[in-house]
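Read the structure below first, then the notes.
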Amino acid sequence: MKSLYAICPLLILVFFALLLTGCVKQQPAAEGEPAPSLGADGVATAGSKIMSVVYVDQESCCDCTRERQDRTWSNLQAAIGAMKSPPKIEVVHLDTEAESVQLYLDLKPIMVPPGLYFFDGSEVLVEMLQGELSREQIEKVFGQ
């Protein structure tokens, strides 16, 4: 019985480590389904112009997470590269900048990194996407 109590904290730590670094691919939205636009209070906003994007990734991660992050980063760059006035991009690392990233996690938690937080000019969260994202998914948030 004593050994069970000794192993439980270890199992909990392993569970949370797997949760943060899980190798799960997010399913894309159904074809033709618009990305919802939500304000920080959960109320839908109409036509909010995205002024900044916070890209939350992990510096230390497994190869599959690294590849997912790299593909999403490339798709984000491609989406904003065609814009006349691209938004400001900030990168925050989930595993090494805990204090900085907590603000975003409090708004919407990340289950599968990377996470992209899209803000309007009033710094209201318009949308949050996570996992491997296509250029098209990102462009939908920008209204392109």
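This chain uses plain numbering: 1 for the first residue, then up along the sequence.
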Discussion item. Do Ser74 and Arg71 make a side-chain contact, defined as non-hydrogen atoms from C-beta onward lying under 4.5 Å apart?
Written reply: no

Fill in: Contact check, side chains of Lys49 and Ser85, non-hydrogen atoms, under 4.5 Å
yes

Practice prompt. Working to the nearest 0.5 Å, report the span between CD of Gln77 and OG1 of Thr72.
Written response: 11.5 Å

Worksheet item: Can a salt bridge be assigned to the pair Glu139 and Arg135 using a cut-off of 4.0 Å between side-chain N and carboxylate O?
Response: yes

Discussion item. For Pro113, is there any backbone N or O sitting under 3.5 Å from a side-chain donor or acceptor partner on Arg68?
Written reply: yes

Worksheet item: Under 3.5 Å, side chain of Glu97 to main-chain N/O of His93, donor-acceptor pair present?
Response: yes

Practice prompt. Report the distance from atom NZ of Lys88 to atom CZ of Phe119, rounding to the nearest 0.5 Å.
Written response: 10.0 Å

Worksheet item: Rounded to the nearest 0.5 Å, what separation is found between the OG atom of Ser52 and the CG atom of Asp120?
Response: 8.0 Å

Worksheet item: Distance from Ile50 atom CD1 to Ile80 atom CD1, nearest 0.5 Å?
Response: 12.5 Å

Practice prompt. Assign the ring pair Trp73 / Tyr55 to parallel, tilted or perpendicular, where the plane angle (0 to 90°) is split at 30° and 60°.
Written response: perpendicular

Discussion item. Before you tell me yes or no, could you show the steps for Leu125 and Lys108 under side-chain contact (heavy atoms from CB on, under 4.5 Å), namely the whole-Å CA-CA distance, both residues' side-chain angles and the distance that decides it to 0.1 Å?
Written reply: CA-CA 9 Å; Leu125 179 64; Lys108 295 269 185 171; 3.7 Å; yes

Discussion item. Quick check against the 3.5 Å criterion: does Gln137 have a side-chain atom that pairs as donor or acceptor with the backbone of Ser134?
Written reply: yes

Worksheet entry | pair Asn75-Ile138: side-chain heavy atoms closer than 4.5 Å | yes

Discussion item. side-chain contact (heavy atoms from CB on, under 4.5 Å), that's the test. Do Val56 and Tyr117 meet it? Break it down for me.
Written reply: CA-CA 8 Å; Val56 180; Tyr117 293 82; 3.8 Å; yes

Fill in: Between CZ on residue Arg66 and OG on residue Ser60, distance to nearest 0.5 Å
7.5 Å

Discussion item. Is there a side-chain contact (heavy atoms from CB on, under 4.5 Å) between Thr65 and Gln58? Walk through the geometry before answering.
Written reply: CA-CA 8 Å; Thr65 299; Gln58 287 183 282; 3.8 Å; yes

Worksheet item: Between Val126 and Phe142, is any pair of side-chain heavy atoms under 4.5 Å apart?
Response: no

Worksheet item: Within a strict 4.5 Å, meaning less than it, do heavy atoms of the Gln69 and Pro114 side chains meet?
Response: yes

Worksheet item: Is any side-chain heavy atom of Glu127 less than 4.5 Å from a side-chain heavy atom of Leu129?
Response: yes

Worksheet entry | Pair Glu59, Thr96: side-chain N/O donor-acceptor within cut-off below 3.5 Å | yes

Discussion item. Could you go through Leu94 and Asp57, starting from their C-alpha distance and side-chain angles, then the distance that decides it, and tell me whether this counts as side-chain contact (heavy atoms from CB on, under 4.5 Å)?
Written reply: CA-CA 6 Å; Leu94 187 62; Asp57 69 355; over 6 Å; no

